[in-house]
Asker: 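The structure follows.
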Amino acid sequence: MKAFEYDRAGDLAQAVGSPAMLIAGGTNLLDLMKLEVATPDALLDITRVGLNEITSEGAGLRIGALVSNSDCAAHPRIRADWPLLSRAILAGASPQLRNKATMGGNLCQRTRCGYFMDGRSPCNKREPGTGCAAQGGVNRNHAILGASDACIATYPGDMAVALSALRATVETEGPDGIREIAMRDFHRLPGDDPSRDNVLKPGEVITAIRLPAPIGGRHLYRKVRDRASYAFALVSVAASIRMDGDRIDAAQLAFGSIAHKPWTDERVEKLLVGERPTPALFGKAADLLLEDARGQGHNDFKITLVRRALAAVLAEATGE
Amino acid sequence: MSDTYDTPDTRDMLDRTRQGVIGKPLDRPEGPLKVAGTATYAAEYVRENCAEGVLVGATISTGRVKKIHRDLVMAMPGVLGVYSSERMLRRAAQGTAGEAPEQDVSKVDFPMQPVALVVAETFEQATNAAKALQIDYDDQSGDAQFMPQDVDAEPAADPITAGDLDRAMRDAAHSVDLAFTTPGHASAAMEPHAAIAEWDGRDLTLWGSLQMLTYNVAELADSLGIDPKHVHLLSPYVGGGFGSKLGISHEAVAAAIAAKELDRPVRVVMSRQQVFQSIMRRSETEQRIRLGCGTDGRLTAFGHEALVSNLPGEEFSEPVTQASEFLYAGENRLLAVRKSDITRLTAGSVRAPGEAVGMQALEVAMDELAEAAGIDPVELRKRNLPDEVPGEGTPYSSRRLVEALDAGAAAFGWNKRSAKPCARREGEWWIGMGVASAARVNILAKAEARVTLTADGHVIVETDHTDIGTGSYAILGQVAAEMLGQPIDRTTVRLGDSRLPSGAGSGGSWGASSTGSAVFLACEAIRATLAQALGCASDDLLLQDGKAWAEGVEPRPVTDLLSEDLTRTGKIEPGKLMEKVNQSTYGAFFCEVAVNAFTGETRIRRMTGAFGFGRVLNAKTARSQCIGGMVWGIGSALTEELAFDSRDGHLVNHDLGEYHVPVHADIPDMEVILLEERDPHASPIQAKGVGELGICGAAGAVANAIYNACGVRLHDFPMTPDKLLADLPDPFAPAA
Ligand SMILES: Cc1cc2nc3c(=O)[nH]c(=O)nc-3n(C[C@H](O)[C@H](O)[C@H](O)COP(=O)(O)OP(=O)(O)OC[C@H]3O[C@@H](n4cnc5c(N)ncnc54)[C@H](O)[C@@H]3O)c2cc1C
Ligand code: SF4
């Protein structure tokens, strides 16, 4: 581990615009520092700046960036109105990690690409311009949508997938002031600059996550994984589906571990609305979703897996 | 008197003794220390002025080190030295090598092979400097082969042949000819490899995490070029080994070299990633299994061939067909293992070498043959147990395989299984059941132990044997307490110190029966002295709760018979019985799985194992070994796989985040049935080994249950969702 300065911010103002790397729960950042994948010169601990409350905002909710993943998942209103979020959080990591992990830190967790994590292979995300060892290598966990020649990594997390389905927003404060970013736009595709996972600017701090008024319906988070717990998703599907009689009345969907960001596709949501749920409809939705999907070899199976996981989720959510 | 075990001890001594502690499910005496964090592991000893060393791995796959740019790193804060020498190890020693493995780290044999050690005042400084160390290489990776299929394999041993397999296959009423693959596995012990080395003049003390101290002393001394009498190893607690700590490895030799140079203690702890990348792997295998039987289900053809790999120059080859040699009938036979030399880290013993992967494939093949022949798979196995080892004519010692199959089937409810797949669906899940036999060779190893009955009636057992989390402390104490008639809380066991008599070491499942027998023999010698003092024959001596008596002789406190501490040493060596009688351990696995009809995820619902392995020395530790083995089987069936990059041979999933061992949620309640058995051919205490048996075939039961659940027959382990998906039936179609 590289030597670094450590400071603790007393309030948000100290953190905004700071050139230091922010550390919250440290559950991702410390691992990467030990591997020397992340080598910050200075850390600024933001765990004492507040931002740890969950407050109602009309029918919606504002979740402070430093609320722990455990507290968020256990919150009565979230469990009642946005159970998708609770389920997604509880599908991830372990209780110990969720106790430490924060909302802001969770959104910013980095990819689990083995070549990124090993600290030595060519990797455009870790060291821009060095290449991408995952292409032609072991890439079972990699992207089938939205990848670029520069990078085929996935965003590995669960919580952000649920938040993307639910059309949450991310509130930030930076040197240029406060802004609100749609969750669906928060993470970015790799393009020719995979070093940036999301649209945060230097010095910008995540202050809260906002949930809009709940739409009701059934909330399901399906995480397909190699073992029953403590593994990142091979593929995940977040769905909130509301029925009106025997027809789908509203559909919010997002997909995890298939792209550099939680993958959403409004066309698929639109296609479902107003329709009677049938296996054929689920298949059509998957066709549209996966129109541009492309495997990298080891991860070709994800194309079939997403299709089947989506069918399972839609069948369960619609009672078909 | 010869120490070799040549005639079976049929006296059933441990059934005639009175203390009543042998076999009891007693707690491990060191358990509270371990769960309270007060058992000291190798890296945790506090040595004054200890410097910290971190190994540096090669960034090329194979070649030579041209230049190490020490200067830059030496100028970094706290750095004390950069070492790279002819004596440092390129590879870890294989189990029971007893001599130095490949040395000289100016050569690179495989990716991430340690090539240097950086030592600094703090661990963080050393890690940082190790990362910064620039090394120039003469990269010869261009000529290297990384895939076992790409090289010409050589036979690992003479094939075993009998009759005419091809013809028997043609003539068989039913037959299967199947190709399997199993990937590489990691031992993945909880405690990473670590060593603290400290010199006092010419004498080296090394605290290490090691399984076999007698061999390790020799390996370390040979590596350093010193006399073994100057090497003192301490390994009282070992956080798991599973084969990876059988031989001395990089960290111990490097720590000793740096400590000598710096004239201060040096600690080297390998990171999890380094352990994965540079110690040992279980070889991947390709296997072809041919089985043919008559209409009665009796095997006439039995072929088991395997391709494994290792580094050039390593003799070890995964003995894939080891259990196939004795388990089932079939007069026309071919058993053969070939090995290809490739550039990947050393392959060596990982828990149950051979059977772990050989049995899981064989047991799937048996299941397929059962289906082809229309015979229940339990019955097919029972019909094919030979009276003597095929081709050898050797008799079996004890073999409770039929009882294991029957007891397991009854406890599990095997009769509820539908012979046809896809017969049971619960919601999204297909439910199925599978069975497999367990079989594993048993070995008696040379062992020595010293037992003292103190003048005040305490029992002290001493040997350099190790406890790698298995229960050695418990069972050795139980053998001594039982034999000497003292309560277990008056019994102390001292292990893991190379200055103590040379135990068998923990490996190959032989520790308990071998070192246990040495303890037994030492106790017999003590009993002889006590009997003499009491005035009776040794075998008539009765001892219980500190009292001694015999038929017609009044009980007296044992301490009355002792004027001073009574110390005896027991020794045992394998003898003629090992050759004359096939001594193996057996069992059966029954497993129920659920396979998700949409996603192909497999979850174990319940699993039963029934095992016969000679005398049960401690029902709790034995049961734990069986459960641990079955968990390994589940990992092997469903998740565990070392992923190597085909372009340069480096290991990509090198930590517990990406190499998936089962977690608690993967393991439901496990039922273990221990079948009591006495095997006087195996050892004087009539015990065999149980440390590995629980794996051997377990993954086959899981695979068979997957097929029974969803109708997808896979031959490539592990059976992850991606492999099942393609052939899963339409999830929306109703159950058959
Ligand atoms: C073994 C293991 C298993 C895991 N399994 C899963 C899983 O199955 N699913 C899953 O989703 N996740 C999983 N995780 C990841 C876990 O969810 C994240 O590590 C955690 O959410 C990160 O939160 P943190 O507060 O600890 O972040 P930190 O490690 O403190 O920070 C992570 C990053 O976020 C930045 N950051 C933190 N807070 C802010 C802020 N307010 N504004 C701007 N930037 C900020 C930091 O600078 C840093 O770059 C796993 C982690 C581990 C170690
Ligand atoms: S996929 Fe992205 S993260 Fe992985 S090696 Fe390529 S560039 Fe790096």
Side-chain angles (χ1 to χ4, degrees), chain A residues 1-4 31 33-36 39 93-94 112-115 117-121 133-134 136-141 156 222-232 234-235 237 278-280 282-283 297-316 320, chain B residues 57 59 76-78 112 122-125 127-128 130-132 271 273 277 427-428 596-604 634-635 638-639 641 643-648 650-658 660-667 718 720-726 728 730-733:
Chain A
M1 184 180 280
K2 202 180 118 192
F4 57 90
D31 278 359
M33 286 171 67
K34 285 188 232 165
L35 296 169
E36 297 205 356
T39 51
S94 68
R112 296 277 157 173
C113 169
Y115 300 94
M117 299 274 285
D118 73 13
R120 61 179 273 258
S121 296
V138 175
N139 51 36
R140 183 164 177 266
N141 290 336
R222 170 69 61 115
K223 181 173 177 180
V224 184
R225 45 186 151 175
D226 285 327
R227 61 182 174 191
S229 174
Y230 212 41
F232 286 93
L234 294 170
V235 151
V237 183
T278 60
F282 307 158
H298 299 143
N299 69 347
D300 293 351
F301 74 96
K302 284 191 179 183
I303 299 173
T304 313
L305 187 54
V306 176
R307 169 179 294 282
R308 297 183 70 117
L310 176 61
V313 165
L314 291 176
E316 188 180 345
E320 155 51 39
Chain B
T59 52
M76 290 175 74
M112 296 313 284
T122 71
F123 174 71
E124 288 74 14
Q125 289 167 336
T127 311
N128 193 212
K131 178 90 181 177
S271 68
Q273 289 77 7
Q277 288 168 323
E428 284 186 12
N596 190 286
F598 287 90
T599 62
E601 289 160 291
T602 299
R603 303 288 180 246
I604 310 289
I634 291 169
L638 298 180
T639 54
E641 167 164 28
F644 289 92
D645 193 308
S646 61
R647 300 164 299 186
D648 65 0
H650 92 271
L651 178 61
V652 178
N653 57 343
H654 47 228
D655 60 31
L656 292 169
E658 305 300 324
H660 287 160
V661 299
V663 294
H664 287 292
D666 293 303
I667 307 299
T720 40
D722 45 325
K723 295 179 188 150
L724 277 159
L725 273 182
L728 277 180
D730 175 6
F732 289 109

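Below, chains carry the letters A, B, ... as their sequence lines are ordered, and counting in each starts from 1. The figures that follow rest on heavy atoms only: side chains count, while hydrogens, waters and symmetry mates do not.
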Asker: Using side chain to side chain contact (heavy atoms under 4.5 Å, CB included), reason through A:E36 and B:N128 one step at a time and then give a plain yes or no.
Answerer: CA-CA 8 Å; A:E36 297 205 356; B:N128 193 212; 3.0 Å; yes
Asker: Heavy atoms only, distances under 4.5 angstrom: which of B:I667, B:N653, B:L728, B:L638 has the most pairs with chain A? Name it, please.
Answerer: B:L728
Asker: Give a yes or no on whether A:F4 atom CZ has more than 12 heavy-atom contacts from other residues, nucleotides or ligands under 6.0 Å away.
Answerer: yes
Asker: What part of B:L656 lies closer than 4.5 angstrom to a heavy atom of chain A: side chain, backbone, both or neither?
Answerer: backbone
Asker: Relative to chain A, which segment of B:F644 carries a heavy atom at a distance below 4.5 Å: side chain, backbone, both, or neither?
Answerer: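 The answer is the backbone of B:F644.
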Asker: Is it the backbone or the side chain of A:L35 that comes under 4.5 Å from a heavy atom of chain B, or both, or neither?
Answerer: both
Asker: Provide the closest heavy-atom pair for A:P156 versus A:R112 in the form atom of the first, atom of the second, distance.
Answerer: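 Smallest heavy-atom distance, with atoms named: CB-CG, 3.8 Å.
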Asker: A:G114, A:A309, A:P279, A:A315: which one forms the most heavy-atom pairs within less than 4.5 Å of chain B?
Answerer: A:P279
Asker: Below 4.5 Å from any heavy atom of chain A, which atoms of B:A597 appear? Answer side chain, backbone, both or neither.
Answerer: backbone
Asker: Hey, which of B:T639, B:T127, B:L725 has the most heavy atom pairs under 4.5 Å with chain A?
Answerer: B:L725
Asker: Considering non-hydrogen atoms only, spot the tightest contact between A:Y230 and A:S94 and give its length.
Answerer: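 Scanning both residues completely, I find the closest heavy atoms to be CE1-CB, 3.7 Å.
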Asker: Is chain B contacted by the side chain of A:N141, its backbone, both, or neither, given a heavy-atom distance below 4.5 Å?
Answerer: side chain
Asker: Quick one about B:T122 and B:Q125 (side-chain donor to acceptor, distance below 3.5 Å, no hydrogens or angles considered), yes or no?
Answerer: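 A pair is found: one side chain offers a donor N or O, the other an acceptor, under 3.5 Å apart.
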Asker: Side chain, backbone, both or neither: which part of A:R307 has a non-hydrogen atom closer than 4.5 Å to chain B?
Answerer: neither
Asker: Kindly write out the residues that satisfy salt bridge (Lys or Arg N to Asp or Glu O under 4.0 Å) with A:D226, not counting sequence neighbours, or none if the list is empty.
Answerer: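 Salt bridge (Lys or Arg N to Asp or Glu O under 4.0 Å) check on A:D226 returns A:R140.
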Asker: Between B:T602, B:T599, B:T720, which residue shows the highest count of heavy-atom pairs closer than 4.5 Å to chain A?
Answerer: B:T599
Asker: Measure across B:A132 and B:M76 and return the closest heavy-atom pair with its distance rounded to 0.1 Å.
Answerer: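 Taking every non-hydrogen atom into account, CB-SD, 3.8 Å.
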Asker: How far apart are the closest heavy atoms of A:R225 and B:P721, and which atoms are they?
Answerer: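 What the structure gives for the nearest pair is O-CG, 4.4 Å.
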Asker: Heavy-atom distances under 4.5 Å only: say whether A:S121 touches chain B with side chain, backbone, both or neither.
Answerer: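 Side chain only.
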Asker: Given the options B:Q273, B:E658, B:R647, which has more heavy-atom pairs under 4.5 Å with chain A than any of the others?
Answerer: B:R647
Asker: If the condition is ring-ring contact (aromatic ring centres under 6.0 Å, His included), which residues does A:F282 pass it with, not counting sequence neighbours?
Answerer: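 Counting only residues at least two positions away or on another chain, A:F282 forms no ring-ring contact (aromatic ring centres under 6.0 Å, His included).
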Asker: Between A:Y115 and A:N139, is any pair of side-chain heavy atoms under 4.5 Å apart?
Answerer: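 Answer no - side chains too far apart.
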Asker: Just so I understand: if I count every heavy-atom pair under 4.5 Å between each of A:M117, A:R222, A:K302, A:E316 and chain B, which residue has the most?
Answerer: A:R222
Asker: Between B:M112 and chain A, which part of the residue has a heavy atom less than 4.5 Å away: side chain, backbone, both or neither?
Answerer: side chain
Asker: Which one, B:K723, B:H654, B:R603, B:H650, leads in non-hydrogen pairs under 4.5 Å with chain A?
Answerer: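 Heavy-atom pairs under 4.5 Å are most numerous for B:R603.
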